[in-house]
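Worksheet for the structure shown next.
All chains are named by letter (A, B, ...) in the order of the sequence lines, taking the proteins before the strands, and each is independently numbered beginning at 1. The basis for the numbers below is simple: all heavy atoms, side chains too, and nothing from hydrogens, waters or symmetry mates. Fair warning: this is a prediction, and the values are worked out from it, not measured in the lab.
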Amino acid sequence: MNHSSDIPPPGAPGKPFLSLSGVGKTYPGVVALEGLSMDIMPGEIIGLVGENGAGKSTLMKILGGVIAPDRGTILLDGAELRSLTVESSISSGIAFVHQELNLFENLDVAANIFLGREPLKAGPLKLVDRDRLRDMVKPLLKRVGAHFSADTPVASLSLAEQQMVEIAKALSINARLVIFDEPTSSLPLAETERLLSIIKSLKADGISVIFISHRLHEVERVADRVVVLRDGALVGTLAKTDIGHDQMVKLMIGRMLAARTAKPQRSPGSVALKISAVRTEAYPGRPVDLEIRYGEILGLAGLVGSGRTELARVLFGIDRSYGGSILQDGQKIAVRSARDAVARGIFLVPEDRKRNGILLDFPIAQNITLADLPMLASRFMLSAERETAAAEKQRVRLGIKAPSVSSRTGTLSGGNQQKVVLAKWLSKSPKVMIFDEPTRGIDIGAKNEIYGLMRALADAGVAILMISSDMEEVIGVSDRIAVMHEGQIAGILDEDEFSQESVLLLAVGKRVK
Amino acid sequence: MIKKDLGLLLLIVVVGIVVAIINPRFLLPINLANTANLIGLFGILSIGQAYVIITGGIELSVGSLVALLGVLFVDFIAVQDMPWMLALPLILVLGAAIGAIHGWLITRLNLQPFVVTLCGLLIYRGAARFYTADGTAGFAFGQNFPDLEFITAGRFYGVPNTFIALVIISVVMWVVLHRSVFGRYLYAIGKNEEAARYSGIRTGRMVMSAYVICGLLTALAAIYFAMYTRSISPASHGQFYELYAIAAAVLGGFSLRGGEGSIVGVVLGTVLLQELQNLVNLLGIPSSLNFAVMGGVILIGVLVDQQWNAIRAHRRLISAARQTEARASDEGKLPVIANQD
Amino acid sequence: MIKKDLGLLLLIVVVGIVVAIINPRFLLPINLANTANLIGLFGILSIGQAYVIITGGIELSVGSLVALLGVLFVDFIAVQDMPWMLALPLILVLGAAIGAIHGWLITRLNLQPFVVTLCGLLIYRGAARFYTADGTAGFAFGQNFPDLEFITAGRFYGVPNTFIALVIISVVMWVVLHRSVFGRYLYAIGKNEEAARYSGIRTGRMVMSAYVICGLLTALAAIYFAMYTRSISPASHGQFYELYAIAAAVLGGFSLRGGEGSIVGVVLGTVLLQELQNLVNLLGIPSSLNFAVMGGVILIGVLVDQQWNAIRAHRRLISAARQTEARASDEGKLPVIANQD
Amino acid sequence: ADKPTLAFVVNGASDFWKAAEAGVKKAQGEMPDYNMELKYPEQAAVAIQQRLMEDLVSAGVKGIMVSAVDPKTQTDGLNKIGSQTALFTTDSDAPKTNRVAYIGSSNVDAGKQAAEIAKKAMPEGGKCMGFVGLLGADNARERIEGMKEGLKGTKIELVDVRGDDIDQTRAKKNVEDALVASPDLTCMVGFYSYNTPRIYEALRDAGKLGQITVVGFDDDPITLGGVKEGTIAATVVQQPFEWAYQGMKLMAAYLKGDKSGIPADGLIIIPTVIIGKDDVDKYAANLKAMAGK
Ligand SMILES: Nc1ncnc2c1ncn2[C@@H]1O[C@H](COP(=O)(O)OP(=O)(O)OP(=O)(O)O)[C@@H](O)[C@H]1O
Ligand SMILES: Nc1ncnc2c1ncn2[C@@H]1O[C@H](COP(=O)(O)OP(=O)(O)OP(=O)(O)O)[C@@H](O)[C@H]1O
Ligand SMILES: [Mg+2]
Ligand SMILES: [Mg+2]
């Protein structure tokens, strides 16, 4: 067991590719990173784990040259640097798969992948050699297992497909170090498997990898070494042989997690929402039938682009439905806008938090109370005290880590931002809650809290539809699992039928025998 | 009142003192009243514009609307002999309706605010000119409307009624924007419309209301302007007023990206702009430089503001870094090693 | 050429046919050449504007710059007796420098393009008026510069040289925008500047280049305009030309949010706008309606475009629904519940 | 700064007022006890001009001579100014106000003189097209009316007048379009000072100089050049130099209490004159002399 990050793991060949010493970054009110030292060896896969806000993304942004550290030095190729720039980072072979997608919807896939590094034709005008570009992109797409072509506009790709483009982009740099910041957070199972094998093949080519994920079992499977951050500081390093789910958790949160509480046995309540023959924009020809009952958590699994998010958007009134009907408590309802849905107690925790979930520039309190203002107001006038009190109550309830409820929401870590979105709805009384990837980018501790919250809601009689691409989560949390395939419900599994295999089979369109 | 507004107020006061020293007649009650009158006129326009800018939109047709509605108002009461008690609300309703149409095109048909209101700028100007066949709309000699004139162009203990109207409107609009649920929604929409919609806010309706408010205030200002000049040549009346309004909002700390700004700011912005115009005339600066002075001050204003913020943010970062560094060396190095079990 | 451009071309042709039927003189070579001349003048301005709009910016000072640079150019060659071979590049450099300053303020000091160029609009207009003390800059009677006049206002086999210049500039600018790395970066920056920066693109420099290009083309157009009118009253010369340019870009499919649009589009937009102006004169429509016609056509243009897209998307969905429904009923229902074991 | 100030407020920035500026200067030279200045409003708009005058009154100006943007409807505003300072009007009169006197010419008469030029140049009759900046503006309307009146009973017809909103690009294009739209035009009239040179240039570009009778207004250098060349029939000029020079002196005298220069009807008309080929050299020399160059 290796107790220090300063000493390279025994047997690692040669000098480190990159070493950090005493690197720190402070934001007003938060120490994002505290005097961190670590080495990265060639051909090594480092798992980087930690709770939300532990400083993982901050560290990666420093390596990517996006932000400059306040102190410490970076040793790269024998040169000691105070900080990196984006250009020097790229040119020294550091490639990046960002946690938040950074693609250009107005450009096609090929343009995105080689942006900033286009092959040029001869001549002073710097014209793009489009044929060569296409040829260069094809093998990359094949490698990540993408089914779309090089000239597909990115605007028409789903979130997961966009993530594949991001990965292809990182692969396209002649990289010596590839950093994946939660690459699997929106990838379903099959794509995740492919990604893990890509990572292993990088290692075989002598390329270093830093792999950040909250899905600890994935880290367990690929990492040679795991580095654990807590509150901006490095709290431990686990060598290959010591890597284990429980050890990581213990270092991350400083204690062992209690075993997950067993699901209570219950008889499901009456049908809250009955969806019959509803068609969505992505699959207008595929009617969906589904029943969600009070007091149950219905998991909704499926592959990339199987149409789950689209269904959620229809139920929440964002998109129109192309036919079919929705019945709430046996009454036919028309949900024409999110407003209608909210008025009927149907709430959505969206998949794309930054775009649809929160206002990054608003204080936390104003985000939490946004959906409930008329209730908190008297005669349409706001009441600052009542607002703060309501927000504070939710902050404590959900354990949102922030200096105060008046902090800017954008400064929170991803996980805490997600809790803010939850807090927004929990202050109202939900009848039906739709969670779209509720724990995307959320650490294990917070995950368990959110599961606890969902269960508590269900126990209080709320009907819950949980869309998730995390197999563990789907099986661990749901009371029933519906599996979508190409826009239709391919099957519904009861608790005694749960298994990874059966979910996967339905997801790929095979009938379970 | 936030820091930015205080800075602007300070600037207004300093400029005022300097002008008063060079030409003490600046402080004559009559001069102050004249300037206050124009502050009232332009302030009402600017508050309307501010409501639209908050949502991330823009209203470029303000100047043309001032011309069109002014022409109609004067024509109604001076030529068509409509009682002004009828014409006034009619014009206000018309302004609101035009605002509603803009809002409808923007929210329901998803057109860009810049495009819709640019077309408005062209169309309303054309309509105004066509209506009078490019002639001037005005009152005949001796045509008087004492009540209307008192309300719109009169003074109350020496204070122009337009200024009093601005004060009342500012207070109401301040409460609506900064203290009401509607105002909060507008800020939320300006910051991130989609997230606002996902929170169950009827974003379309809110944005539309902002344009209606803008149309309404513009119509009111159009009536005031008409009664101030008492004559409207539709080809030039109100030209560029949208730029004045936008400039006042920008000076007052609004971001054209939406979601930022305050009513106090936009009113102070208007005050500064009118003070500058007054200054150019009082100090005998060539009128040709009037626009240039205005542009220069706006540019310097936003530059100072921007640099100020940048420096402050930088300072805060540096000091935060220092503090933790000090703390770290006090505590000694944190343990890098964690024990298992 | 994309569909949108084809639609615009169709509109241009249809309007042309209608006008030609009402007044066949529309098709006289001389009329076409006159209109082509103005298309050349405004087209060059619009392409410059397009480069800025692509990055998500806007350049409002175009009209004032046309006045300022025009005044300087005429003054240099007509009054200061500077050889035009010197004055011409000097003005171009000046235009580029002003563009660079705008770009610098926007990218380095983080000011909003709307604000910077609004200040420019005010300042340059003031500067132009101050420079001539509000007088007119023009050539004396009989003052001739045959070479310069041929280049700027002459015709080549009946085709105005300004139009030829536009064609050359369009081709070059098309290649740069649509085929070069620089153009691609501009699109990327327009969509998401931050992400572009993370990709290692020097976004500041690129945006600045766009403003420099705009400044340069504006300067060129300013010279052409000056040589066309041969006289410049700085208070009104070029007023609202930025709106023409923006309108052409919008008609041509540009989004003011950045990242969308093509050179073919903006040129066609200019052609349509000039065709409309020509139509107003040829059909004897009152001049006061000129602006209104322009505004109406732009509004209808973007509306049709928008509705067209919406309807097409809707149709596609409906037909997809029909097809798959049919297929599904052929195949028989998929099993809804699957049993394990 | 204690010298009394007299201001000459014009209705908008235009070269036309350059001569008036010279007149003010000349008067200033003769009367050093006064501050005399000429003021341009930054736009030709009533509100802006009104504001300018109010500010001037605030600044303590003793007398204002104004070319009102829209005198007919500016009555109250002008009265307000007139009650606080000595108010004179020029260029366009506002007879129903408390102004002391008007000094200037008559636009209707100027229009009639334009008709005289046309009649003389086209005894056989013809078709005229007019060009102007703002169709609705008073001076434009009066000139057009005057010309139409003067043409009554002749075979000359003013068929249409095209406006350009003081955009010179459009002014020139309007001429080009008119040549295309109405091939039977035999005469063109430039009602604003810049319209005539634009007509001249468009005709020159089209190779039609000399084939179409051009009637001009005002004394733009190109216009004078065209008159001299014979391609412009003649031009009707006003005398803003005289308005300003005599006006300033009159105001100064009035403020000193000498009211002898003010006629009973308050109208001091300085007539417009027709400048034809034979007068042009003398006129140009005179202009130069006035400008003091
Ligand atoms: N721009 C910023 N301004 C202020 N604080 C910031 C900023 N960026 C990050 N922080 C803070 O720094 C800390 C570390 O954030 P970081 O994004 O690195 O966490 P993380 O480990 O990646 O978390 P997650 O797993 O949720 O992505 C957090 O407390 C965060 O709130
Ligand atoms: N705006 C759009 N235009 C075209 N296709 C779209 C659009 N939005 C989604 N799609 C397609 O619709 C399909 C369903 O997408 P959706 O996001 O509902 O899937 P999902 O099951 O939620 O998958 P994910 O795991 O990505 O959340 C995908 O194939 C996607 O590419
Ligand atoms: Mg992170
Ligand atoms: Mg999804």
Side-chain angles (χ1 to χ4, degrees), chain A residues 1 3-6 24-31 34-35 37 70-71 228 230 233-238 242 247 250-251 254 316-318 337-343 347-348 350 352-362 366-367 369-371 373-374 376-377 379-382 384 424, chain B residues 56 107-108 174-206 255 257-260 312-329 331-341:
Chain A
M1 175 158 186
H3 286 297
S4 165
S5 64
D6 293 331
K25 175 79 190 172
T26 306
Y27 289 109
V30 205
V31 182
E34 218 173 309
S37 304
D70 310 323
R71 54 210 130 88
V228 187
R230 193 200 308 158
L234 194 151
V235 290
T237 303
L238 297 169
D242 297 328
Q247 283 88 334
K250 194 180 167 212
L251 281 176
F316 191 57
I318 299 290
S337 66
R339 168 89 179 184
D340 288 352
V342 171
F347 302 157
L348 170 71
D352 193 340
R353 191 189 312 132
K354 218 162 74 172
R355 235 173 80 187
N356 307 326
I358 45 168
L359 294 144
L360 293 169
D361 283 334
F362 263 34
Q366 295 191 7
N367 260 306
T369 57
L370 190 58
L373 280 180
L376 290 168
R379 290 165 200 252
F380 300 107
M381 289 298 125
L382 300 168
K424 178 166 71 179
Chain B
T107 59
R108 295 273 168 256
W174 183 88
V175 171
V176 171
L177 190 62
H178 298 290
R179 287 290 175 268
S180 85
V181 175
F182 172 62
R184 171 71 58 79
Y185 285 171
L186 290 185
Y187 276 100
I189 291 167
K191 277 290 174 205
N192 184 342
E193 172 160 3
E194 221 172 317
R197 193 168 58 239
Y198 271 78
S199 300
I201 297 174
R202 291 188 184 128
T203 55
R205 216 175 271 200
M206 299 298 142
S255 162
R257 296 181 195 106
E260 260 164 54
R312 239 184 15 200
H314 188 68
R315 282 246 181 87
R316 233 175 27 208
L317 277 181
I318 299 270
S319 83
R322 285 238 184 80
Q323 273 173 28
T324 38
E325 211 158 346
R327 204 183 63 193
S329 62
E331 288 176 11
K333 271 249 151 81
L334 274 176
V336 185
I337 304 161
N339 271 324
Q340 236 190 319
D341 277 0

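Listed by chain and residue number, B/Ser199 satisfy the side-chain hydrogen bond (donor to acceptor under 3.5 Å, both in side chains) test with A/Lys424 (two or more places apart in sequence, or in another chain). By the salt bridge (charged side-chain N to carboxylate O under 4.0 Å, His left out) test, B/Arg202 is found to be paired with no residue, residues two or more places apart in sequence or in another chain being considered.
Contact count versus chain B (heavy atoms, under 4.5 Å) is highest, among A/Lys25, A/Arg339, A/Arg355, A/Gln366, for A/Arg339. By number of non-hydrogen pairs under 4.5 angstrom with chain B, the leading residue of A/Leu360, A/Leu376, A/Asp340, A/Asp361 is A/Asp361. Considering only heavy-atom pairs separated by less than 4.5 Å from chain B, the leading option among A/Leu359, A/Val342, A/Ile358 is A/Leu359.
Between B/Ala188 and A/Leu370 the shortest heavy-atom distance is CB-CD1, 4.0 Å. Between B/Ser180 and A/Met381 the shortest heavy-atom distance is CB-CE, 3.6 Å. The two residues B/Arg197 and A/Ala338 come nearest to each other via the heavy atoms O-CB, 3.1 Å. The heavy-atom pair separating A/Ala377 from B/Val181 by the smallest distance is CB-CG2, 3.5 Å.
Annotation for B/Arg312: atom CZ counts as buried by contact number, over 12 foreign heavy atoms lying within 6.0 Å.
Proximity of a side-chain donor or acceptor of B/Asn192 to a complementary backbone N or O of A/Asn356 within less than 3.5 Å is not detected.
Residue contact with chain A, scored on non-hydrogen atoms closer than 4.5 Å, involves the side chain of B/Tyr185 exclusively. At a 4.5 Å heavy-atom cutoff, the contact between A/Ile318 and chain B is made by side-chain atoms alone.
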Checklist entry - Going through the checks in order, is the side chain to side chain contact (heavy atoms under 4.5 Å, CB included) test met by B/Arg184 and A/Thr369? => result CA-CA 11 Å; B/Arg184 171 71 58 79; A/Thr369 57; 4.2 Å; yes
